[in-house]
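In what follows, a single structure is set out as structure tokens and then discussed.
Index from 1, following the sequence. Quick caveat: nothing in here was measured; it's all calculated off a predicted structure.
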Amino acid sequence: MTHAVAVPPQTPALSTVQDTRAAMRGEGFAHASYLFYADQADREGYGDVANLFADAASVELDDHFTKEAEAISYVGSDEANIRQAIEGERFEATSMYPTYAEEARQDGDEAAAALFKEIAADEADHRRLLASALEAVTTGKGTVPAPPRVDPVTVPAGLPQVSSARTRANLEDAMHGEGLANASYTLYARHARGAGHAQLSRLFAGLAEVELREHFAAEARLSGQVSDTASNLRTAIAGETYEAKVMYPTFARRAEKAGDGQVADLFREIAGDEAGHAASFREALNRLK
């Protein structure tokens, strides 16, 4: 009698992992942006468009981002997830945000400089909370801290409140980072909850909300990320069309060439979803005219 031998899943090629991480960064950004576009649509009385944006946001996180994370084993053990989060917070607190703050000050964008400095301090606090959580998880000593309080920032439609191209680019990069952190921490929270670590799950979920409702939101407000609903739909259509026709097909071809057929299939599947989103947004825009 022969016994089947379990074959471990293939580790994707480095190029596939890099493309997947780039895609996840885009999905996290889209998820966050669509939530604030939904809020704006509600303010304008377009409840159906608000629901459309909210549904698309859910797909970007709960389907696309989650499946891409699974494809590259992005979520690890609770300990590994905490360590990854600590490193991200360390980079933002000690390098990225201080650099962006100094550049904004040099460019005369004082409001952006102040925001970047404030977020750097928040990320340093997050790092300390996560370090305490790591000690509790790895040594059994102490407790996982409570999550920080969330002070939501409203993001109404508005023009950019910064003048320099460099600050605008830095805000764009920072928002992508915050969107990625929000999505990552959401998955980390789900993993911790599934492992029976309720307090760690609450900490990650609370941090995710700060990244979205405070950091991303404040940056979006300064950058003019949210416009009127018609303009938001046009922005979404352009983004979804690019992903459907250019980005994901390119990533799929590279994954196929690298021997990562399953990831290539996933990229093609998501490309089809994004094409559907673009069509739905286009229909909604036509109804507004």
Side-chain angles (χ1 to χ4, degrees), residues 9 11 17 20-21 23-32 35 54 57-97 118-153 174-219:
T11 301
V17 172
T20 304
R21 284 180 172 272
M24 292 168 65
R25 188 173 170 88
E27 298 294 343
F29 177 76
H31 165 256
L35 291 177
S58 178
V59 171
E60 306 293 18
L61 173 61
D62 298 323
D63 186 350
H64 299 172
F65 187 95
T66 299
K67 287 180 178 178
E68 289 166 347
E70 291 172 352
I72 61 172
S73 301
Y74 183 77
V75 177
S77 65
D78 285 332
E79 178 182 344
N81 295 338
I82 296 170
R83 291 186 186 279
Q84 183 66 29
I86 287 174
E87 176 54 27
E89 300 288 359
R90 182 205 62 77
F91 169 71
E92 291 190 347
T94 64
S95 180
M96 188 187 87
Y97 277 119
E118 176 186 334
I119 295 177
D122 286 350
E123 306 297 30
D125 286 339
H126 293 178
R127 183 186 177 191
R128 285 190 286 270
L129 291 173
L130 288 162
S132 295
L134 181 62
E135 181 178 6
V137 167
T138 58
T139 69
K141 298 177 182 179
T143 58
V144 174
R149 183 169 60 90
V150 181
D151 293 318
V153 175
M175 285 190 294
H176 275 79
E178 298 295 342
L180 176 64
N182 167 260
S184 298
Y185 290 175
T186 298
L187 295 196
Y188 294 168
R190 292 173 183 172
H191 180 277
R193 184 171 63 248
H197 299 150
Q199 188 57 35
L200 179 60
S201 178
R202 284 192 288 271
L203 175 60
F204 271 130
L207 293 173
E209 280 295 289
V210 172
E211 307 291 16
L212 173 67
R213 295 295 174 183
E214 288 188 38
H215 298 173
F216 184 99
E219 291 163 350

Inset, instruction - Check step by step if side-chain contact (heavy atoms from CB on, under 4.5 Å) holds for Phe29 and Leu180. - result: CA-CA 7 Å; Phe29 177 76; Leu180 176 64; over 6 Å; no
Legend entry - Residues that His215 engages under ring-ring contact (aromatic ring centres under 6.0 Å, His included), provided they are two or more places apart: His126
Legend entry - Flag, side chain of His31 to backbone of Gly179, donor-acceptor distance under 3.5 Å: no
Legend entry - Non-neighbouring partners of Glu118 that pass salt bridge (charged side-chain N to carboxylate O under 4.0 Å, His left out), sequence neighbours left out: none
Legend entry - side-chain hydrogen bond (donor to acceptor under 3.5 Å, both in side chains) partners of Ser58, counting only residues at least two apart: Asp62
Inset, instruction - Sequence neighbours left out, what passes salt bridge (charged side-chain N to carboxylate O under 4.0 Å, His left out) with Arg193? Give chain and number order. - result: none
Legend entry - With Glu79 via side-chain hydrogen bond (donor to acceptor under 3.5 Å, both in side chains) - residues at least two apart: Arg83
Inset, instruction - Begin from the C-alpha positions of Val75 and Arg190 and carry the test side-chain contact (heavy atoms from CB on, under 4.5 Å) through to its verdict. - result: CA-CA 10 Å; Val75 177; Arg190 292 173 183 172; over 6 Å; no
Legend entry - Pairing of Arg90 and Glu87 as salt bridge, 4.0 angstrom limit: yes
Inset, instruction - Find the distance between CD (Glu27) and NZ (Lys67) and round it off to the nearest 0.5 Å. - result: 11.5 Å
Legend entry - Distance (rounded to the nearest 0.5 Å) between Leu134 CG and Leu129 CG: 12.5 Å
Inset, instruction - Would you sort out whether Glu60 and Leu35 count as a side-chain contact (heavy atoms from CB on, under 4.5 Å), showing the intermediate values? - result: CA-CA 11 Å; Glu60 306 293 18; Leu35 291 177; over 6 Å; no
Legend entry - side-chain hydrogen bond (donor to acceptor under 3.5 Å, both in side chains) involving Thr20 - partner list, sequence neighbours excluded: none
Legend entry - Rounded distance (nearest 0.5 Å) linking atom OG1 of Thr186 with atom CG of Leu212: 8.0 Å
Inset, instruction - Apply side-chain contact (heavy atoms from CB on, under 4.5 Å) to Val153 and list each qualifying residue two or more places apart in sequence or on a separate chain. - result: Ala217, Ala218, Arg221
Inset, instruction - Could you grab the distance from atom CE of Met24 to atom CG of Leu61, nearest 0.5 Å is fine? - result: 10.0 Å
Legend entry - Those residues that, when tested against Ala93, pass side-chain contact (heavy atoms from CB on, under 4.5 Å) (two or more places apart): Glu123, Ala124
Legend entry - Minimum heavy-atom distance between Glu214 and Pro152, given as atom pair plus value: CG-N, 4.4 Å
Inset, instruction - Look up atom CD in Gln84 and atom OH in Tyr185, then write down how far apart they are to the nearest 0.5 Å. - result: 9.0 Å
Legend entry - Sequence neighbours excluded - salt bridge (Lys or Arg N to Asp or Glu O under 4.0 Å) pairs with any residue from residues 134-150: Arg149-Asp151
Legend entry - Test item: Thr143 side-chain N/O and Ala136 main-chain N/O as donor-acceptor pair under 3.5 Å: no
Legend entry - Atom pair CD/CD of Glu178 and Glu92 - distance to nearest 0.5 Å: 5.0 Å
Report all side-chain donor-acceptor pairs from residues 196-208 shorter than 3.5 Å, counting only partners two or more places apart or in another chain.
| from | atom 1 | to | atom 2 | distance (Å) |
| --- | --- | --- | --- | --- |
| His197 | ND1 | Asp78 | OD2 | 2.5 |
| Gln199 | OE1 | Arg202 | NE | 3.1 |
| Gln199 | OE1 | Arg202 | NH2 | 2.7 |
| Gln199 | NE2 | Pro145 | O | 3.2 |
| Ser201 | OG | Ala189 | O | 2.8 |

Legend entry - Qualifying residues under side-chain hydrogen bond (donor to acceptor under 3.5 Å, both in side chains), relative to Arg25, sequence neighbours excluded: Asp173
Legend entry - Sequence-distant partners of Arg128, salt bridge (charged side-chain N to carboxylate O under 4.0 Å, His left out), two or more places apart: Asp125
Legend entry - Shortest non-hydrogen contact between Gly28 and Phe65, atoms and distance: N-CD1, 4.3 Å
